Number of protein chains: 2
Amino acid sequence: MRTLYERDDVIPLIAEVFREHGFEGSSLSRITESTGLGKGSLYHFFPGGKDEMARAVLAHVDGWFEREIYTPLRDAAPDGAIAQMWRGVDDYFRSGRRVCLVGAFALDDTRDRFAAVIASYFTRWIDALRDALVRGGWPAAQAADAAEEVVAGIQGALVLARATNDTAVFGRALGRFQLRLQQRPPV
Amino acid sequence: MRTLYERDDVIPLIAEVFREHGFEGSSLSRITESTGLGKGSLYHFFPGGKDEMARAVLAHVDGWFEREIYTPLRDAAPDGAIAQMWRGVDDYFRSGRRVCLVGAFALDDTRDRFAAVIASYFTRWIDALRDALVRGGWPAAQAADAAEEVVAGIQGALVLARATNDTAVFGRALGRFQLRLQQRPPV
DNA sequence: ATCATATTGTACCATACGGTACAGGCGGTC
DNA sequence: GACCGCCTGTACCGTATGGTACAATATGAT
């Protein structure tokens with residue numbers, strides 16, 4: 001039997017701390033508390049400290065989206081991949097009860113620390129969705145526009161849901177976009 | 001001649017600190033640095049410390065939006081008020097170079113500290129825009145839907161613009177919404 | 001059973017944090 | 001010029017911060 005906590009097991013726990021408190025607000029004491037790991041273990045797994053923890057968390061999130069959302073959008077049948085995107089996103093963000101770590105990091109000066117990862121997370125999402133739309137018959141320009149709007153809209157809905165403490169906002173936003181992507185693009 | 005800094009003069013400076021670093025990241029030393037005021041003066045103006053500074057900043061932002069955006073949306077001719085909203089928002093957020101303080105506070109646990117102010121900022125915006133649309137001839141349900149989508153979309157565009165370091169995203173989002181609000185609501 | 005390695009708890013470090021105390025400086029007013 | 005009240009700089013407080021050092025413990029392979 002292996003140890004209770006390997007490095008990979010602890011990353012989702014750290015992710016939740018960063019998600020709730022932001023980078024600056026996530027003190028090591030908070031992280032030790034919610035992982036049950038002392039500083040010793042933490043710095044054994046992440047010799048680079050908080051910075052490396054955040055980097056691992058971002059890579060973990062990025063990997064999930066790449067696997068569950070982006071790759072299907074690029075490679076699978078467009079309709080199915082887009083349907084899976086709605087499902088995946090709704091699941092991942094717990095129907096609006098959860099916030100986007102990458103989006104949160106993007107807003108303050110934490111962005112500068114992880115600029116490349118953060119930018120890539122969003123541009124790859126937009127590009128993959130655009131590709132799926134194009135393969136689904138959308139003209140390139142409208143596809144790019146719609147993809148950008150959907151990804152931005154999801155972020156905005158998460159902000160709004162949390163700000164107003166009304167998770168229904170998120171579901172309504174997803175529903176609107178779902179409907180719009182099913183129709184032909186507007187002139 | 002009066003002193004260089006009155007309380008009101010310093011609020012926009014503090015606002016910029018909170019905007020760039022978030023609540024947790026805005027240390028008093030950063031605030032003293034970018035205001036030029038020592039702790040003595042700062043605590044003279046804001047006896048409640050950081051909490052009161054943030055509250056003053058939020059009230060300042062809220063006041064600006066109430067005056068420049070919400071009130072016109074509620075009271076003035078809908079078309080003109082909405083046009084002014086696009087102008088005002090583009091100015092305020094410096095065409096995507098600036099981030100929304102209230103949105104940033106909403107994402108981490110800073111929200112819990114200022115929950116009422118944050119929620120009200122967004123709900124009042126949505127409600128005012130919905131009213132303007134209704135007065136402009138939109139059916140109530142579609143107006144509410146569109147208003148929510150626009151306010152969320154603006155937040156999302158700000159996140160995306162900063163995340164990808166591409167301010168053009170913001171302009172494109174505003175353009176899309178502007179166009180859509182000019183048309184009749186979709187079925 | 002031995003042993004190297006992986007993991008952990010504890011104590012400690014310098015620094016930065018938010019906040020307080022307070023003595024003085026400065027401006028106006030009489 | 002004396003006075004008063006607003007403003008400010010400085011020194012200081014206890015605590016928490018991110019990070020390090022290291023001895024002690026567990027673990028797995030032989």
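Note that this is a predicted model, so its numbers are computed, not measured. In what follows, every heavy atom counts, from backbone to side chain, and hydrogens, waters and symmetry copies are set aside. Lettering follows sequence order; numbering is per chain, from 1.
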field: Nearest-neighbour nucleotide for the A/Y43 side chain, D/dC7, D/dG19, C/dT8 considered
entry: D/dG19
task: Starting at atom NZ of B/K50, determine the distance to atom P of C/dG19, rounded to an integer number of angstrom.
output: 8 Å
field: Listed nucleotide nearest any side-chain atom of A/F45, set C/dT8, D/dG9, C/dG19
entry: C/dT8
- prompt: Can you check the B/L42 CG to C/dG19 C1' distance for me, whole Å?
  reply: 12 Å
Value in whole Å for how far the C1' atom of D/dC6 lies from CZ of B/F46: 15 Å
task: Enter the distance from A/S26:OG to A/R19:CZ here, rounded to the nearest 0.5 Å.
output: 11.0 Å
field: Rounded interatomic separation in angstrom, taking CD from A/E6 and P from D/dT27
entry: 13 Å
- prompt: With no hydrogens and no angle check, do the side chains of B/D108 and A/H21 hold a donor and an acceptor under 3.5 Å apart?
  reply: no
message: Quick check: on DNA chain D, is the nucleotide nearest B/G40 upstream (toward 5') of the one nearest A/G40, or the reverse? Name the residue that is more 5'.
response: B/G40
field: Rounded interatomic separation in angstrom, taking CG from A/L37 and C1' from C/dA6
entry: 13 Å
field: Stepwise side chain to side chain contact (heavy atoms under 4.5 Å, CB included) test for A/E149 and B/R172
entry: CA-CA 9 Å; A/E149 181 174 4; B/R172 283 198 293 271; over 6 Å; no
Please produce a list of atom pairs where a protein N or O lies less than 3.5 Å from an N or O of nucleotides 14-16 of chain D.
none

- request: Scan side-chain atoms only and decide if A/T71 and A/E66 contain a donor-acceptor pair under the 3.5 Å cut-off.
  value: yes
task: Please work out whether the ring planes of A/F114 and A/F23 are parallel, tilted or perpendicular, with thresholds of 30° and 60°.
output: perpendicular
message: Checking contacts here: which listed nucleotide (D/dG19, C/dG9, D/dG9) is nearest the side-chain heavy atoms of A/S41?
response: C/dG9
- request: Indicate, with a heavy-atom threshold strictly under 4.0 Å, whether A/T32 touches base, sugar-phosphate, or nothing.
  value: nothing
Phosphate contact (C/dT7 OP1 or OP2) by A/H44 side-chain N/O below 4.0 Å: yes
Filtered N/O pairs between nucleotides 11-13 of chain C and protein, under 3.5 Å:
none

Protein-nucleotide distance (B/R30, atom CZ; C/dC17, atom P), rounded to Å: 8 Å
- request: Let me know the distance between CD of B/E33 and P of C/dA16, rounded to the nearest Å.
  value: 12 Å
query: A/D51 CG to D/dG18 P: how many Å, rounded?
result: 12 Å
query: How are the rings of B/F65 and B/Y121 set to each other: parallel, tilted or perpendicular (split at 30° and 60°)?
result: perpendicular
query: Roughly how far, to the nearest 0.5 Å, is the CZ atom of A/F46 from the OG atom of A/S41?
result: 10.5 Å
field: B/R124 with B/D127: basic N within carboxylate O range, under 4.0 Å
entry: no
message: Angle between ring planes, A/Y70 versus A/W125, binned at 30° and 60°: parallel, tilted or perpendicular?
response: tilted
